[in-house]
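Just so it is clear: chains get the letters A, B, ... in the order the sequence lines come, proteins before strands, and each one is counted from 1. The analysis underlying the following values was restricted to heavy atoms, covering all of them including side chains, and did not include hydrogens, waters or symmetry mates.
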Amino acid sequence: MWQSLALPQSQLCLSAVLKNGQSFRWMVVGASSTEYHFCLRDRVVCLKQDPTTLFYRTILPDPQPSALHLPLRDAETLIWLNDYFQLDVDLQKLYSQWATRDKVFSSIETRFAGIRMLRQDPFENLISFICSSNNNIGRITKMVQSLCRHYSPCLLSLPDPVDPLIQVQYHPFPPPSVLAAPEVEATLRDLGFGYRAKYIQRTAKMLIDAHGSGDLAEKFLTNLRNATTDDAREELLKFVGVGRKVADCVLLMSLDKKDVVPVDTHVHQIAIKHYGLKGSLSSKTNMTPKLYEEINAKLTAVWGDYAGWAHSVLFTSDLKAFSSQGVVATEIALPTPPPTPSPLKRKARAAEVESDAITVLPLTERAKRRRAA
DNA sequence: GAGGGACCGTCG
DNA sequence: GACGGTCCCT
């Protein structure tokens, strides 16, 4: 049943990599020997690991194939694992390179080993990160789960290992054609997606309209792997609800742009605390395109070719969920600019009425403006 | 073309 | 009252 693959945790740490906000669809199963489950289009992949070995298991939907075919299925799963975890990239080697270039990195590398970039499905990645604006990992995870439950059929179900009377349902990520339906916006709003509901439906619609139905739309996104970073980013920015940060996340996490460093408020803080960037730790400053570029350039210069991967290690080390193991913040003393407390003033909100008419033309205008900027 | 506010919902 | 941002309008 379980297959094994020799792989030290310095190359891959499942608990960190699967829960640090790259993917929101891995289910954590079991209390003692923790397993992670992930639903693909045709199967569920189960993983667990010990210090030297990664174990994997393939679960297929009901009409189980004959025993003859099982090795083939496991072989397919292994191919998927190699691709998804990018196991051909030697993470230890990267860690030592980053540590040489960067003292901050070298101070955390042993405690946060095995953190690598996943190579995700671009559509899933895009939609998930449209959900991420003004949001946190816990809620994003719930939203993505609920998206899958409502918009893709259950592939299979398994008894909950904790309470075997409960069946856990596994749903793949829904395709663009399903999310493009006009009713999706209202439904997602009811499901608690807020203003992101419209972004998701419209992005799916745009994808279908511009690049065709079937799997053409998804193929278009996947093909952006072959485009330059700038070209791919320009395409991503055309979608509604996708700004620079979300676009950069998709570039890094599913389109092979390993040097891209997405800048959010968190990374901004890290850059100020540890990399001598001017700014305030206490007050929230607006993330302007200019500031974004500045931070991006700074961190790319520090970490080099795989800067995006390095960023993920720093980011994870600073996440609350992992902070019990110790955080970088207190250990490195760098000169920091004096805090400039400037409380945000908030204004009473005006009632709002109108929404825009139709998709295609406004999009073109918007795209032009973006390109100009 | 830079700056500021609104936007959903959740949890302090 | 802040939050892994984006849109839209001054």
Asker: Can you tell me if A:S4 and A:T53 form a side-chain donor-acceptor pair at under 3.5 Å?
Answerer: no

Asker: May I ask you to say what A:V267 touches in the nucleic acid, namely base, sugar-phosphate or nothing, with a heavy-atom cut-off under 4.0 Å?
Answerer: nothing

Asker: What does A:G192 touch in the nucleic acid at a heavy-atom separation under 4.0 angstrom: a base, only the sugar-phosphate, or nothing?
Answerer: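 Answer is sugar-phosphate: A:G192 comes under 4.0 Å of backbone atoms only.
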
Asker: May I ask you to say whether A:E293 pairs ionically with A:K290, meaning some side-chain N is under 4.0 Å from a carboxylate O?
Answerer: no

Asker: Hunt down the Watson-Crick or G-U wobble partner of C:dG4, both distances under 3.5 Å, from any strand shown, or write none.
Answerer: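 Partner of C:dG4: none found under 3.5 Å.
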
Asker: Would you please confirm or rule out a distance under 4.0 Å between OP1 or OP2 of C:dG5 and any side-chain N or O of A:T265?
Answerer: yes

Asker: For the residue pair A:F239 and A:Y199, is the inter-centroid distance of their aromatic rings smaller than 6.0 Å?
Answerer: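 Not close enough - the centres of the two rings lie 6.0 Å or further apart.
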
Asker: If you find the nucleotide of DNA chain B closest to A:S133 and the one closest to A:K142, which residue's nucleotide is nearer the 5' end?
Answerer: A:S133

Asker: When the C1' atoms of B:dG5 and C:dG1 are considered, how many whole Å apart are they?
Answerer: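 Their C1' atoms lie roughly 16 Å apart.
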
Asker: What is the glycosidic conformation of C:dG5: syn, defined as within 90° of 0, or anti?
Answerer: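 Anti conformation here, the glycosidic angle of C:dG5 being more than 90° from 0.
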
Asker: Under 4.0 Å, counting only non-hydrogen atoms across every strand here, what does A:F193 touch: a base, just sugar-phosphate, or nothing?
Answerer: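 Contact class for A:F193: none.
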
Asker: Could you tell me whether the phosphate oxygens of B:dC8, OP1 or OP2, come under 4.0 Å of any side-chain nitrogen or oxygen in A:R189?
Answerer: yes

Asker: Using the P atom in both, what is the distance from B:dT10 to C:dC7, to the nearest Å?
Answerer: 23 Å

Asker: Centroid-to-centroid, A:F129 to A:F24, below 6.0 Å?
Answerer: yes

Asker: Expressed in whole Å, how much space separates the P atoms belonging to B:dC11 and C:dT6?
Answerer: 23 Å

Asker: Thinking salt bridges, do A:D248 and A:K245 make one under a 4.0 Å N-O criterion?
Answerer: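 No, this pair does not count.
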
Asker: May I have the distance from A:I130 (atom CD1) to C:dG4 (atom P), rounded to whole angstrom?
Answerer: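 Rounded to whole Å, this separation is 19 Å.
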
Asker: Assign A:I137 to base, sugar-phosphate, or nothing according to its heavy-atom contacts below 4.0 angstrom with the strands shown.
Answerer: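 Base: the residue A:I137, judged by heavy atoms under 4.0 Å, touches a nucleobase.
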
Asker: Select base, sugar-phosphate, or nothing to describe what A:N135 touches, counting heavy atoms under 4.0 Å on all strands.
Answerer: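 Contact class for A:N135: sugar-phosphate only.
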
Asker: According to the Watson-Crick and G-U wobble definitions, with both distances under 3.5 Å, which nucleotide is paired to B:dC8?
Answerer: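 In the structure as shown, B:dC8 has no Watson-Crick or wobble partner.
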
Asker: If you go through the side-chain atoms of A:Y195, does one of them form a donor-acceptor pair with the base of C:dG5 closer than 3.5 Å?
Answerer: yes

